[in-house]
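Order of the sequence lines fixes the chain letters, A, B, ..., with proteins taken first and strands second; residue numbering starts at 1 for each chain. Computed over heavy atoms, backbone and side chain alike; hydrogens, waters and symmetry mates excluded.
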Number of protein chains: 2
Amino acid sequence: MLHAAVALADERGLEALTMRSLGQALGVEAMSLYNHVSNKADVLDGIVELVAGEVVAAVGEIGPPAQATEWKPVARERILTARQVLLRHRWAPSLLESRTDMPPSLLAYYDSLLALMREAGFSLDLAHHALHALGSRALGFSQELFTTDDKDVDPDAALLMFQQMAGRFPHLTELLKIVTHDPGSTLGRAGGCDDQFEFEFGLDLLLDGLERLRERAWELPAA
Amino acid sequence: MLHAAVALADERGLEALTMRSLGQALGVEAMSLYNHVSNKADVLDGIVELVAGEVVAAVGEIGPPAQATEWKPVARERILTARQVLLRHRWAPSLLESRTDMPPSLLAYYDSLLALMREAGFSLDLAHHALHALGSRALGFSQELFTTDDKDVDPDAALLMFQQMAGRFPHLTELLKIVTHDPGSTLGRAGGCDDQFEFEFGLDLLLDGLERLRERAWELPAA
DNA sequence: ACCTGAACACCGTTCAAGT
DNA sequence: ACCTGAACACCGTTCAAGT
């Protein structure tokens, strides 16, 4: 049943996952579901737990570093692998953020990340702050504020807005120009930014910064 | 009316903001609202726009750097100021992420951040990736995955879970111990982490990394 | 131009009733 | 033990009717 819920969310989005539609997908009335779960919250917790399981399974394939101080490429690979899983379940990030408590299998994932850093010489404090700094990036996603809605955009209206923007927001306009028109460089998807590139760029910025702090045996700034 | 909606969300949460409750707060039937907005989506867009206006007003107080290369402390102050505004509207971050298009006044904010970086010598590409890397942090928030729900936690059950965790997740347990028991160091709120400290730690990690790339006149890695 | 009440299509959920 | 249908309290929203 949870698998059916995941499939439904994958195919038709999280908002299409209702008790009634889930029942229908299972060839059963909505009310029957309450014999197996006590809540819709139970269903949501369940499907989050399911993709968390996928994440730990995929990440589990990745071995430890040959040398403990070589933590960075391993952390990077684990995180990018987690990302691959979450890209198959686009609804998972926002749902994950809305749940009040962490799914148990994710605890294993975070514990393994912590282990990686601790063994590389991170102090407990630094490893702690590192997890916070990575935030959702540790799981392979980062909520983008600029979402490019390419569909149903009127070219005339877009051009007009563009010209109005040029006056008030010159730097944004300049940026928009290279992002939408320039086919080379870091672009991937038509008309938008290359999510994967931007994700890795931000991730490396953080990992490199953390590595630098590790090398300097970072201590807490005096209070 | 939008002010009433913001007040309602501030006081009772976003889920308490319904057309009916908003009407009631204004001493009017819910259906009357449709004379002023065409949708509930309109209301949500409106209140997002309103706090975006608060952000640009607060950030506008902050002057430019004395020297263009001194972009970092100014960027830092702007971002922490934006954070102060968003902390007054706890519902804003998640709503901001769910909206499909960016509120116009936020474009001004992002344009000013871009200007700051460009004038400090950032290439257009680097400034672009910097905005993506900062992500929601540029606006002063970062979605925390671990939410400490201190309320209604049964001490006995917590202790039991703690002991079970100790075996399977030794590093997390060790972390939990310093976070909950140690009253000194980086702790702020009882039983949780110091959100403000963690936010600034992650922010500085990114800003420092970006400054380093700026100094080296960062170029795109060869494709 | 603005407000109202009844109504509709959707939710999650309860409950008594069936097998 | 599992399923069902009717019902309830909530949504957002439409529409004809009022002033």
Stem list for DNA chain D, please, built from Watson-Crick and G-U wobble pairs under 3.5 Å and keeping only runs of at least 3.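 C:4-8 with D:12-16, C:12-16 with D:4-8 - these are the stems of 3 or more pairs that involve DNA chain D.
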Heavy-atom check, side chain of [X] versus side chain of [Y], under 4.5 Å:
X         : Y         : answer
Asp10(B)  : Val6(B)   : yes
Leu134(B) : Leu203(B) : yes
Gln143(B) : Gln143(A) : no
His129(A) : Leu210(A) : no

For the student: nearest non-hydrogen atoms of Leu206(A) and Gly202(B), plus distance: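 Reported closest heavy-atom pair: CD2-O, 4.3 Å.
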Provide the closest heavy-atom pair for Leu8(A) versus Ala16(A) in the form atom of the first, atom of the second, distance.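 The pair with the smallest heavy-atom distance is CD2-O, 3.6 Å.
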Is any side-chain N of the basic residue among Asp45(A) and Arg99(A) closer than 4.0 Å to the acidic one's carboxylate O?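 Looking at Asp45(A) and Arg99(A), the cut-off is met.
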Can we say Asp204(B) and Arg76(B) salt-bridge, meaning some charged N sits less than 4.0 Å from an Asp/Glu carboxylate O?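 Salt bridge flag = yes for Arg76(B) with Asp204(B).
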Listing time: all N or O pairs from protein to nucleotides 1-8 of chain C that are below 3.5 Å?
| from | atom 1 | to | atom 2 | distance (Å) |
| --- | --- | --- | --- | --- |
| dT4(C) | OP2 | Glu29(B) | N | 2.9 |
| dT4(C) | OP2 | Ser32(B) | OG | 3.0 |

What ring pair (Phe, Tyr, Trp, His ring centres under 6.0 Å) pairs are there with at least one residue in residues 79-105 of chain B, not counting sequence neighbours?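 Those involving residues 79-105 of chain B are His89(B)-Trp91(B).
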Rounded to the Å, how far apart are Tyr34(A) OH and dA17(C) P?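 Whole-Å distance recorded here is 21 Å.
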Take atom CD of Gln24(A) as the centre, draw a 6.0 Å sphere, and report whether it contains more than 12 heavy atoms from other residues, nucleotides or ligands.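 Open: at most 12 neighbouring heavy atoms sit under 6.0 Å from CD of Gln24(A).
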So, do Phe197(A) and His132(B) have ring centers that fall under 6.0 Å from each other?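 Here the rings of His132(B) and Phe197(A) have centres that are no less than 6.0 Å from each other.
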Extract all donor-acceptor atom pairs below 3.5 Å that involve side chains of residues 102-116 of chain B and protein atoms in other chains or at least two apart in sequence.
| from | atom 1 | to | atom 2 | distance (Å) |
| --- | --- | --- | --- | --- |
| Ser105(B) | OG | Glu49(B) | OE2 | 2.7 |
| Tyr109(B) | OH | Ala138(B) | O | 2.6 |
| Asp111(B) | OD1 | His171(A) | N | 3.0 |
| Asp111(B) | OD1 | Leu172(A) | N | 2.7 |
| Ser112(B) | OG | Arg78(B) | NH1 | 3.2 |
| Ser112(B) | OG | Tyr109(B) | O | 2.8 |

For residues 7-17 of chain A, which residues have at least one heavy atom under 4.0 Å from DNA chain C?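 Result for residues 7-17 of chain A: none.
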Which residues, if any, of residues 38-49 of chain B bring a heavy atom under 4.0 Å of DNA chain C?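 Close to the strand, none.
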